Number of protein chains: 2
Amino acid sequence: MRWAGAGVINLKTKSGGTQNSGDLKAIFHAKRLKCTPQRLAVLKVLKESGAYLSINMLDKKVKEMLPGTGLATVYRALETLEELGLVAKVHLEDGCHSYAVAPEGHMHPIVCTECNKVIDFAECPLGELSEKLTQDTGIVIQNHFLQLFGKCRECQA
Amino acid sequence: MRWAGAGVINLKTKSGGTQNSGDLKAIFHAKRLKCTPQRLAVLKVLKESGAYLSINMLDKKVKEMLPGTGLATVYRALETLEELGLVAKVHLEDGCHSYAVAPEGHMHPIVCTECNKVIDFAECPLGELSEKLTQDTGIVIQNHFLQLFGKCRECQA
DNA sequence: CTTATAATTGAGAATCTTTCTCAATTGCGC
DNA sequence: GCGCAATTGAGAAAGATTCTCAATTATAAG
Ligand SMILES: [Zn+2]
Ligand SMILES: [Zn+2]
Ligand SMILES: [Zn+2]
Ligand SMILES: [Zn+2]
């Protein structure tokens, strides 16, 4: 787990994606996975949406982009893309989970409770705290999960 | 949402529960809910375990404590207990969720990835950060979800 | 550009998980 | 104790996820 640099809040929306298809191909091939249109479609739908999407919404949108794609394939694509670190689960307050494009580097999402938009922020406050906890208590912190919920500017009207 | 006091790390295991049955009755009655043996059993199982438990494990243990209890009732009891703030969802790394006794006050769990034990800590680093985010970006932070994963001392042998 | 091969896919079945329905029961205020 | 609304158990129903397997396809090699 990489820690973000010092104090500057670093907000980043994901719409302006940086990977080109060549990068993606390399990422797949590095793990001997095929770069299939179905997998690319799932990722593209998430990128274009800029928000978190439930499996069913994803299935719907993927079928629009690539008719014939099966639901099971959407599940399998998400599993693969998550392993590759390209998408991330978003746990919602009601206990369900959805998916969003994974941020680059160590970031945590701010999820808009109105429009479902996902904005990442980089100031992770947990590096120092984790070390302190380990020193003080002997518990070895291996990982953490953090999400913020709120209202984006557009949704405050 | 209440913020924890200043910098002291405040660890607390939940095994030594502080509510007596009178307190509990009052909590239920304040919302016109019945204090039923099934609901108490679900809570007791969680308290005695001191760890997070999946629905199925809960169902199994509740049936041992109170034979005849139905699975649907376990689901309903968890829903109720969560509304009352007595139990809390724990999101696991694989995307599933389980339940644990809710901590008192504003705390976040450290979940042991070996033995499933849940230890709460009180130094929430997010109050200040949330305000800063709101000031700097205009996004109103309403809530957050934080969990740490690690290895407890016993499990490091 | 073929060809061989292993990975992937679609469709539906199978399996879980969660919610509903409804008659019977039960906690609780009086 | 009585009355009644809240709760429960059991099973059905609905939803979510995983499996199976034959057909397809991306890829590397030639
Ligand atoms: Zn919004
Ligand atoms: Zn972090
Ligand atoms: Zn442990
Ligand atoms: Zn907090």
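Hydrogens, waters and symmetry mates are skipped; everything else that's a heavy atom, side chains included, is used. All values derive from a computational prediction rather than experimental measurement. Here is the naming used below: chain letters follow the sequence lines, and residue numbers restart at 1 for every chain.
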Novice: Please tell me whether Phe145(B) and His91(B) form a close aromatic pair, meaning their ring centres lie under 6.0 Å apart.
Specialist: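 Yes, the ring of Phe145(B) comes within the 6.0 Å limit of the ring of His91(B), centre to centre.
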Novice: Does dT26(C) have OP1 or OP2 sitting under 4.0 Å from an N or O in the side chain of Thr36(B)?
Specialist: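 Checking Thr36(B) against dT26(C): no side-chain N or O falls below 4.0 Å of OP1 or OP2.
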Novice: Drop me the distance from Leu78(B)'s CG to Ile55(B)'s CD1, to the nearest 0.5 angstrom.
Specialist: 5.0 Å
Novice: Any donor-acceptor pair under 3.5 Å joining the side chain of Arg76(B) to the base of dG9(D)?
Specialist: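 Side chain to base: pair present.
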Novice: Decide, yes or no, whether a salt bridge links Lys61(A) with Glu48(A) under the criterion of side-chain N to carboxylate O below 4.0 Å.
Specialist: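 Salt bridge flag = no for Glu48(A) with Lys61(A).
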Novice: Under a plain distance cut-off of 3.5 Å, with no hydrogens placed, do His108(B) and His144(A) share a side-chain donor-acceptor pair?
Specialist: no
Novice: In whole angstroms, how far is the C1' atom of dC16(C) from the CD1 atom of Ile55(B)?
Specialist: 13 Å
Novice: Which residue lies toward the 5' end of DNA chain C, Phe28(B) or His97(B), if each is placed at its nearest nucleotide?
Specialist: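 Here His97(B) is the residue nearer the 5' end.
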Novice: Can Glu128(B) and Lys132(B) be counted as an ion pair, charged N to O under 4.0 angstrom?
Specialist: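 Salt bridge absent between Glu128(B) and Lys132(B).
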Novice: Between atom NZ in Lys34(B) and atom P in dC4(D), what is the gap in whole Å?
Specialist: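 From Lys34(B) NZ to dC4(D) P: 13 Å.
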Novice: CE of Met57(A) versus P of dA16(D): gap in Å, rounded?
Specialist: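 Roughly 12 Å, once rounded to whole Å.
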Novice: Take the protein atom CG of Leu66(B) and the nucleotide atom P of dG27(C), then report the distance between them rounded to whole Å.
Specialist: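 Going from CG in Leu66(B) over to P in dG27(C) covers 11 Å.
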Novice: Any side-chain N or O of Thr73(B) below 4.0 angstrom from OP1/OP2 of dG9(D)?
Specialist: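 Yes, such a contact exists.
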Novice: Take atom CG of Leu71(A) and atom P of dT9(C), then tell me their distance rounded to the nearest Å.
Specialist: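 Going from Leu71(A) (CG) to dT9(C) (P), I get 13 Å.
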Novice: Of the listed nucleotides (dA11(C), dT27(D), dT17(C)), which one gets closest to any side-chain atom of Cys35(A)?
Specialist: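 Nearest listed nucleotide: dT27(D).
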Novice: Roughly, in whole Å, what's the span from OH in Tyr75(A) to P in dT20(D)?
Specialist: 17 Å
Novice: Under 4.0 Å from OP1 or OP2 of dG27(C): is there any side-chain N or O of His29(B) that close?
Specialist: no
Novice: Please give, in whole Å, the distance from dT7(D) P to Leu84(B) CG?
Specialist: 10 Å
Novice: Choosing from dA10(D), dA16(D), dA26(D), which nucleotide comes nearest the side chain of Ala72(B)?
Specialist: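 Nucleotide nearest to Ala72(B)'s side chain: dA10(D).
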Novice: Any base atoms under 4.0 Å from Pro67(B), or only sugar-phosphate, or nothing? Heavy atoms, all strands.
Specialist: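 Nothing: the residue Pro67(B), judged by heavy atoms under 4.0 Å, touches no strand.
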Novice: Using OP1 and OP2 only, check whether a side-chain N or O of Gln38(B) sits under 4.0 Å from dG27(C).
Specialist: no
Novice: Does Glu79(B) or Leu33(B) map to a spot on DNA chain C nearer the 5' end, using the closest nucleotide for each?
Specialist: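 Its nearest nucleotide lies further toward 5', so the answer is Glu79(B).
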